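Notes for the one structure printed next.
Only heavy atoms go into these numbers, but all of them, side chains included; no hydrogens, no water, no symmetry mates. Small disclaimer: the values here were computed from a predicted structure and weren't measured. Index from 1, following the sequence.
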Amino acid sequence: MLEIRFNKDEKGKSLITKVPIKKGEILHKIANYNQISSATFTSVQISKDINIEELYLGHLNHSCDPNIIIDTGNLEIRALKDIQSNEELTFFYPSTEWDMSTPFACKCGASQCLRIISGAKYLSIDVLSHYFINKHIDAMSYENGIIQSISQQKHEHQAFTVISASI
C-alpha cells in the first residue's frame with residue numbers, strides 16, 4: 001500500500017500511496033519505531049521529550065497543504081483528505097515538531113505556504129489554529145506563554161461561527 005520513492009529532485013525520498021485512500025482512513029499504525037534521545041532530520045516528536053524514528057515516518061515530506069496527519073496520541077497516520085493512487089503523502093511538520101533540528105525553506109508551492117519551517121514554536125497561534133496539531137504541541141504552546149491553548153481557540157472559534165450563523 002505504501003512505497004518509498006527515490007526522487008531525482010531536491011526532495012530526495014518521498015512516501016507514495018499505491019492505492020486510493022479516503023479521508024479519515026488510517027494508512028499506517030506506527031509500531032516498529034526506535035526512541036531516540038534528541039531530534040534528527042528524520043525523527044518525529046511524539047511528546048515534549050520523546051522523538052522516534054520509523055521507516056515510513058522518515059520518508060514523509062512537509063507541506064503547508066498536507067494530505068495526512070501523524071496522530072502521536074494514537075501512533076497512527078491518517079488521511080486528512082481523499083488521496084489518489086500514486087500521490088505523495090505529506091504532513092505539516094509543526095503539527096509534531098516544536099523546535100526543529102533542521103529548519104528549512106519550504107518549497108511546497110501551496111497558496112498558504114509559510115516559506116520557513118522551523119517548528120510550532122515559531123508560528124503564531126493564528127497560523128497553528130488552521131492545522132491539526134498534536135496534544136504535546138498544544139501543551140507546549142500554552143506552557144510557552146500563549147494565553148490559551150490551540151484546541152481551546154479552535155473550540156471558541158467554532159462556537160462563534162455557530163452562534164454567528166444562527167443570528
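Between the side chains of Lys18 and Asn86, at least one donor N or O lies within less than 3.5 Å of an accepting N or O. Using modelled atom types, one finds no donor on one side chain facing an acceptor on the other under 3.5 Å when comparing Ser14 with Asn61.
Listed here is the closest heavy atom pair of Cys106 and Cys113: SG-SG, 3.6 Å. Closest approach of Ile26 to Lys29, counting heavy atoms only: CG2-CD, 4.2 Å. In terms of heavy atoms, Asp126 sits closest to Ser129 at O-OG, 2.8 Å. Considering every non-hydrogen atom in both Pro94 and Ile133, the closest pair reads O-CD1, 4.3 Å.
For the pair Ile70 and Leu60, the minimum side-chain heavy-atom distance is below 4.5 Å. The side-chain heavy atoms of Met100 and Ile117, taken from C-beta on, include a pair separated by under 4.5 Å. Residues Val19 and Ser85 fail the side-chain proximity criterion, which asks for heavy atoms closer than 4.5 Å. Within the 4.5 Å cutoff, the side chain of Ser38 has no heavy atoms near those of the Ser101 side chain. The side-chain heavy atoms of Thr96 and Ile137, taken from C-beta on, include no pair separated by under 4.5 Å. A heavy-atom distance below 4.5 Å is found between the side chains of Leu114 and Leu123. Ser141 has its side chain within reach of Leu128: a pair of non-hydrogen atoms, C-beta onward, lies under 4.5 Å apart. Within the 4.5 Å cutoff, the side chain of Leu80 has no heavy atoms near those of the Lys23 side chain.
At least one donor-acceptor pair under 3.5 Å links the side chain of Asn144 to the backbone N or O of Met140.
Under the 4.5 Å side-chain heavy-atom criterion for Ile, Leu, Val, Met, Phe, Trp and Tyr, Tyr33 and Ile68 are members of the same hydrophobic cluster. Hydrophobic clustering places Ile4 together with Leu27 (ILVMFWY residues linked when any side-chain heavy atoms are closer than 4.5 Å, directly or through intermediates). Both Leu89 and Met1 belong to a single network of hydrophobic side chains, linked directly or stepwise wherever heavy atoms of I, L, V, M, F, W or Y lie under 4.5 Å apart. Hydrophobic clustering of Ile, Leu, Val, Met, Phe, Trp and Tyr side chains at less than 4.5 Å, counting indirect connections, keeps Tyr122 apart from Val127. Ile21 and Ile16 fall into different hydrophobic clusters, defined by Ile, Leu, Val, Met, Phe, Trp and Tyr side-chain heavy atoms under 4.5 Å apart, directly or through other members.
Between Leu15 atom CG and Leu2 atom CG the span is 5.0 Å, to the nearest 0.5 Å. In this structure, CZ on Arg78 lies 4.5 Å from CG on Asp71, to the nearest 0.5 angstrom. To the nearest 0.5 angstrom, Lys121 atom NZ is 13.5 Å from Glu97 atom CD. Taking OH of Tyr131 as the start and OG of Ser95 as the end, the distance is 10.0 Å to the nearest 0.5 Å.
Ring centers of Phe92 and His62: under 6.0 Å apart, within the cut-off. For Tyr93 and Phe104, the ring centers sit closer than 6.0 Å to each other.
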Atom pairs and distances, donor-acceptor, side-chain atoms in residues 43-55, under 3.5 Å, two or more places apart:
from  : atom 1 : to     : atom 2 : distance (Å)
Ser43 : OG     : Thr40  : N      : 2.8
Ser43 : OG     : Thr40  : O      : 3.2
Gln45 : OE1    : Trp98  : N      : 2.9
Gln45 : NE2    : Ser47  : O      : 3.1
Gln45 : NE2    : Lys48  : O      : 3.4
Ser47 : OG     : Ile50  : N      : 3.3
Lys48 : NZ     : Glu143 : OE1    : 3.2
Glu53 : OE2    : Thr40  : OG1    : 2.6
Glu53 : OE2    : Thr42  : OG1    : 3.0
Glu54 : OE1    : Tyr56  : N      : 3.0
Glu54 : OE1    : Leu57  : N      : 3.0
Glu54 : OE2    : His28  : NE2    : 2.5

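Using a cut-off of 4.0 Å between Lys/Arg side-chain N and Asp/Glu carboxylate O, Asp65 and Lys81 are scored as salt-bridged.
Every residue two or more places apart in sequence or in another chain was checked for a salt bridge (Lys or Arg N to Asp or Glu O under 4.0 Å) with Lys22, and none qualifies.
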